[in-house]
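What follows is a set of notes on a single structure, which appears directly below.
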Amino acid sequence: MSLSPARPAAARSVAGHASRPDPEALLAWYDRHRRRLPWRAEPGRRADPYHVFLSEIMLQQTTVKAVGPYFSAFLARWPTVAHLADAPLEEVLSAWAGLGYYARARNLHACAKAVVARHGGHFPQDEAALLDLPGIGPYTAAAIAAIAFDLKASPVDGNIERVVSRLHALDEPLPKGKAAIRASAAALTPARRPGDFAQAMMDLGATICTPKSPACSLCPWMEPCVARAAGDPARYPVKAPKGEKPSRAGVAFLAVRADGAVLLRTRPDKGLLAKMTEVPSTPWGPQPEAPEEHAPLKARWRLLPGAVEHVFTHFALTLRVLRADLPMSAAAPAGHRWVAPEGFDAEALPSVMRKVLAQGGIE
DNA sequence: GAGCCGTGGAT
DNA sequence: TATCCAAGGCT
């Protein structure tokens, strides 16, 4: 790719030519408007690498608002990476329940163990070594390197993709166009305050350069922005069209014992909701299956009114719920267990299963 | 490279 | 209601 020749930072636009975006202008904006977030250090200081790591994993495809309470809870329960490494995986999964993308929780735990085993409990100050850790990909490795250690790294998340593609009017559809965006982002990154620069880019994307109707008049880079000059910044980033989302259906078996305990089991080690807790059900397929042969135990099953609707990343699920009330003498079948509602918080119950329980009036 | 992997809020 | 999307990574 070709870069425009370097010009003094103070250069102003010549007729028809936008000036080069000035990193210092963005940093000055950041110093005035930076968001206060639980995982961020005070201005002028570096954040704890463990805090940066924990927040970055939680923030993958997840909103700041959703992460807040989970971040606080994890930090209170496991104050250091060594504490997290020593925790049982089941406890980490139950603490993560509700946040989604559960492979992150399994990798978070594996990563904590690896940091202790490989690096003596300290995160390596090296992008390549960070990238080698489980659950840490190109974005997160660069983010930790930049934010925790102020190394000259260029994380590219959804915010930065948007900012950079607009800045240069890069219109090659994603994901193919990501290479050019990454190169542009790297070229923009200054040697001074690279960590603040990365966070400034993300804050800019989150608050000014938003997906729809961006607030260009408030943007420190309004003048050099090519998309803004062209009049339609919201067109960027251009994305490849996505396919249809299929539907699946199933029937869940809500067995309730006389004392209120519910029959639960743990999902398989791999695939959707791996190792999470579930209410037993038929397989989820394109067409609902006959429930009889899938019931966990013999009982008088009654169909509850309504259905549970839940949308996963790549399919939509409709779950009808059968309920049966069992006596105290009912034994849990192999692989199943009775769990009282008071014990739900200690279970790794994903949201879809909370919905199933709620359908039976249980919570 | 493309499919898999959650959830909830905004528009 | 439908669609998008939010600090992506793994296989």
Side-chain angles (χ1 to χ4, degrees), chain A residues 35 37-40 47 51-71 93 96-108 110-111 130-148 153-163 173-179 182 185 195 197-207 209-213 234 237 239-248 267-268 270-276 278 284 308-317 348-355:
Chain A
R35 291 182 293 170
L37 300 171
W39 41 88
R40 276 193 177 163
H51 298 186
V52 177
F53 159 70
L54 183 59
S55 66
E56 288 299 342
I57 300 298
M58 288 183 167
L59 285 163
Q60 288 169 6
Q61 300 292 286
T62 308
T63 58
V64 165
K65 182 182 176 184
V67 165
Y70 285 86
F71 178 79
L93 287 177
W96 194 278
L99 199 54
Y101 281 141
Y102 299 100
R104 292 185 297 172
R106 288 178 265 124
N107 287 331
L108 178 85
C111 186
L130 287 164
L131 187 58
D132 201 42
L133 265 6
I136 295 184
Y139 163 77
T140 305
I144 295 174
I147 298 170
S154 302
V156 177
D157 71 333
N159 288 305
I160 297 178
E161 278 179 358
R162 193 165 55 250
V163 169
L174 297 178
K176 203 165 188 290
K178 187 152 185 170
R182 271 206 256 258
F197 182 77
Q199 295 177 90
M201 294 270 274
M202 291 188 251
D203 274 18
L204 187 69
T207 63
C209 196
T210 52
K212 298 167 189 174
S213 46
K239 299 193 175 181
K242 29 188 104 171
E244 301 280 296
K245 184 167 292 189
S247 298
R248 293 188 199 173
R267 289 179 61 87
K270 297 186 175 186
L272 186 72
L273 304 174
K275 297 185 182 178
M276 301 296 285
E278 72 172 352
W284 305 341
V308 169
E309 302 284 351
H310 191 81
V311 181
F312 292 99
T313 308
H314 55 293
F315 69 92
L317 177 66
L349 276 169
S351 292
V352 62
M353 292 303 154
R354 291 276 186 181
K355 288 186 186 177

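Labels below follow one simple rule: chain letters A, B, ... track the order of the sequence lines, proteins then strands, and each chain is numbered from 1.
With hydrogens and angles disregarded, no donor-acceptor distance shorter than 3.5 Å links the side chain of A:K355 to the backbone of A:P350. Not a single donor-acceptor pair under 3.5 Å links the side chain of A:K212 to the backbone N or O of A:A234.
Comparing the same atom, P, in C:dA6 and in B:dC4 gives a spacing of 22 Å after rounding to whole Å. Between B:dG3 and C:dC4, the two P atoms lie 16 Å apart (nearest whole Å). For the P atoms, the distance linking C:dG9 with B:dG8 amounts to 22 Å, nearest Å. Rounded to whole Å, the separation between the C1' atoms of B:dC5 and C:dC5 comes to 16 Å.
With sequence neighbours left out, A:R40 forms a side-chain hydrogen bond (donor to acceptor under 3.5 Å, both in side chains) with A:Q199, A:D203. By the salt bridge (Lys or Arg N to Asp or Glu O under 4.0 Å) test, A:R267 pairs with A:E278, sequence neighbours left out. The side chain to side chain contact (heavy atoms under 4.5 Å, CB included) search around A:T207 returns A:W29, A:R35, not counting sequence neighbours. Considering only residues two or more places apart in sequence or on other chains, A:K239 meets the side chain to side chain contact (heavy atoms under 4.5 Å, CB included) condition with A:L174, A:P237.
Using the six-membered ring where Trp is involved, A:F71 and A:W39 have ring planes that are perpendicular, over 60° apart on the 30 and 60° scheme.
Among the protein residues, A:V67 comes within range of no part of the nucleic acid, since none of its heavy atoms lies under 4.0 Å from any strand. If you check every strand for non-hydrogen atoms under 4.0 Å, A:I57 touches nothing. Nucleic acid contact class of A:W96 (heavy atoms, under 4.0 Å, all strands): none. Within 4.0 Å (heavy atoms only), A:P350 reaches sugar-phosphate atoms of the nucleic acid but no base atom. Contacts of A:G205 with the nucleic acid, taken as non-hydrogen atoms under 4.0 Å apart, are absent. Within 4.0 Å of A:R35, counting heavy atoms only, lies at least one base atom of the nucleic acid. Among the heavy atoms of the strands lying under 4.0 Å from A:R162 are primed sugar atoms or P, OP1, OP2 only; no base atom is included.
Of the two residues near DNA chain B, A:K212 and A:L349, the one whose nearest nucleotide lies more 5' is A:L349.
At whole-Å resolution of the value, NZ in A:K242 and P in C:dT3 are 11 Å apart.
Remark: the A:E56 side chain and the A:Y139 side chain contain an N/O donor-acceptor pair separated by less than 3.5 Å.
For DNA chain B, the outermost nucleotides in 5' to 3' order that have an atom under 4.0 Å from a heavy atom of chain A are B:dC4 to B:dG8.
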Can you give me the N/O atom pairs linking the protein to nucleotides 8-10 of chain C at distances under 3.5 Å, or say none if there are none?
{"unit_1": "C:dG8", "atom_1": "OP1", "unit_2": "A:G158", "atom_2": "N", "d": "3.2"}
{"unit_1": "C:dG8", "atom_1": "OP2", "unit_2": "A:Q61", "atom_2": "N", "d": "2.7"}
{"unit_1": "C:dG8", "atom_1": "OP2", "unit_2": "A:Q61", "atom_2": "NE2", "d": "3.2"}
{"unit_1": "C:dG9", "atom_1": "OP1", "unit_2": "A:G137", "atom_2": "N", "d": "2.9"}
{"unit_1": "C:dG9", "atom_1": "OP1", "unit_2": "A:G137", "atom_2": "O", "d": "3.4"}
{"unit_1": "C:dG9", "atom_1": "OP1", "unit_2": "A:T140", "atom_2": "N", "d": "2.9"}
{"unit_1": "C:dG9", "atom_1": "OP1", "unit_2": "A:T140", "atom_2": "OG1", "d": "2.7"}
{"unit_1": "C:dG9", "atom_1": "OP2", "unit_2": "A:Y139", "atom_2": "N", "d": "3.2"}
{"unit_1": "C:dC10", "atom_1": "OP1", "unit_2": "A:G135", "atom_2": "N", "d": "2.8"}

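For A:K176, the NZ atom is loosely surrounded, since the number of other residues' heavy atoms within 6.0 Å does not exceed 12.
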